[in-house]
Engineer: 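I have a structure here, written as structure tokens, and I will follow up with some questions on it.
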Amino acid sequence: MNRLTKAAVIALALATTAAPMMAQAQDRHDRREWRQDRRDDRREWRQDRRDDRREWRQDRREWRQDRRHDRRDWRQDQRRHDRWSRDNRDWWRGRPEFRDYRGARNGYWYAPGHGYYRVEPRYYGYRWRTGGYLPSAYRNYYVSDPYFYGLRPAPRGYRYVHAGNDILMIAVATGLIASVMNNVY
């Protein structure tokens, strides 16, 4: 064989073996790049998830703080408005003791938390005075929340009682009127 033929055979042999080797090398390189891309994608995805969780926690923290401030403001408003006031004509609206209240009725008194009760005609419009006595029929209509009306707790043996539009502090045993708060409502 001459040299030229030998060179052609060798070139042909090299071409037939080198092409698959090159393709295999290219395939490995492609797979390596593909794996690297997948790793990068996963890394970015995990970082995005971390960022999302951080933002979510921060948002939740801010929401809790806002809610805490809202509750604090609401409690302060309640403290401010949760008191009886002669200047506020609608102080009683929304209070649970007044849910049955439908306005003044002739021959009846209204006791918050107790409802309407019939009154003897001689006591309708009666002006209670300290030192007088409250009839026993009207001694059971206790004031459930004296603090709301700005009253100190009654001393031992005394109670606050609703009598018409007035609040009286009476001795429980005798009905002696110790103090009078006129025209509460």
Side-chain angles (χ1 to χ4, degrees), residues 46-185:
R46 281 193 303 266
Q47 187 61 40
D48 288 345
R49 267 190 80 195
R50 267 187 225 115
D51 292 343
D52 289 345
R53 282 192 305 256
R54 254 186 227 118
E55 288 174 13
W56 181 82
R57 277 192 224 104
Q58 182 63 31
D59 290 346
R60 190 162 181 220
R61 207 172 292 126
E62 289 171 2
W63 177 81
R64 282 181 178 163
Q65 282 181 335
D66 290 344
R67 192 159 172 235
R68 199 173 300 130
H69 292 307
D70 290 346
R71 281 194 310 256
R72 190 176 302 135
D73 292 344
W74 183 82
R75 279 192 305 265
Q76 287 174 349
D77 287 346
Q78 286 302 311
R79 276 189 220 114
R80 228 176 279 127
H81 299 296
D82 200 25
R83 299 290 282 321
W84 169 76
S85 171
R86 285 188 194 275
D87 299 331
N88 182 4
R89 296 185 68 199
D90 294 330
W91 63 268
W92 58 274
R93 293 190 187 278
R95 298 229 5 123
E97 311 84 82
F98 283 91
R99 74 173 165 266
D100 297 330
Y101 184 65
R102 302 288 181 257
R105 292 172 54 184
N106 281 335
Y108 290 89
W109 283 344
Y110 183 80
H114 300 281
Y116 289 98
Y117 59 98
R118 192 145 191 62
V119 180
E120 290 181 39
R122 65 181 168 157
Y123 293 115
Y124 197 71
Y126 190 80
R127 299 270 307 160
W128 301 103
R129 301 209 185 320
T130 304
Y133 288 90
L134 182 67
S136 61
Y138 309 122
R139 293 182 194 169
N140 297 327
Y141 301 102
Y142 296 123
V143 175
S144 59
D145 186 11
Y147 172 77
F148 176 76
Y149 297 101
L151 301 171
R152 293 187 308 259
R156 174 177 253 156
Y158 289 85
R159 292 292 296 257
Y160 290 106
V161 175
H162 293 281
N165 290 342
D166 305 329
I167 293 179
L168 313 174
M169 182 169 47
I170 63 165
V172 176
T174 61
L176 176 68
I177 299 172
S179 68
V180 177
M181 191 173 171
N182 289 317
N183 295 324
V184 175
Y185 54 94

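All heavy atoms count here, side chains included; hydrogens, waters and symmetry mates do not.
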Engineer: Taking atom CG of L176 and atom OH of Y158, what is their separation to the nearest 0.5 Å?
Structural biologist: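 These two atoms lie 6.0 Å from each other.
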Engineer: Between atom CZ of R139 and atom OG1 of T174, what is the distance when rounded to the nearest 0.5 Å?
Structural biologist: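 Answer rounded to 0.5 Å: 6.5 Å.
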Engineer: How long is the straight-line distance from CE of M169 back to CD1 of I177, given to the nearest 0.5 Å?
Structural biologist: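 Nearest 0.5 Å value for the CD1-CE distance: 11.0 Å.
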Engineer: Quick one: CD on E55 to CD on E62, what's the gap to the nearest 0.5 Å?
Structural biologist: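 Going from the CD atom of E55 to the CD atom of E62 covers 10.5 Å.
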Engineer: Give the C-alpha distance, both sets of side-chain angles, the deciding distance and a yes or no for side chain to side chain contact (heavy atoms under 4.5 Å, CB included) between V180 and R127.
Structural biologist: CA-CA 10 Å; V180 177; R127 299 270 307 160; over 6 Å; no
Engineer: Does one side chain, of R68 or Q65, offer a donor that lies under 3.5 Å from an acceptor on the other?
Structural biologist: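 Short answer, no.
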Engineer: What distance do L134 atom CG and Y126 atom OH have between them, rounded to the nearest 0.5 Å?
Structural biologist: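 Reported value, rounded in 0.5 Å steps: 10.0 Å.
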Engineer: Between D166 and W128, what is the shortest heavy-atom contact and its length?
Structural biologist: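 So the minimum-distance heavy-atom pair works out to OD2-CD1, 3.3 Å.
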Engineer: Just how far is it from atom CZ of R152 to atom OH of Y160, taken to the nearest 0.5 Å?
Structural biologist: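 Answer rounded to 0.5 Å: 6.5 Å.
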Engineer: Can I167 and H162 be said to form a side chain to side chain contact (heavy atoms under 4.5 Å, CB included), step by step?
Structural biologist: CA-CA 5 Å; I167 293 179; H162 293 281; 4.2 Å; yes
Engineer: What's the shortest heavy-atom distance between A163 and L168, and which atoms?
Structural biologist: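 Scanning both residues, the minimum pair turns out to be CB-CD1, 3.7 Å.
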Engineer: Salt bridge or not for D51 and R54, using N-O below 4.0 Å?
Structural biologist: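 Salt bridge present between D51 and R54.
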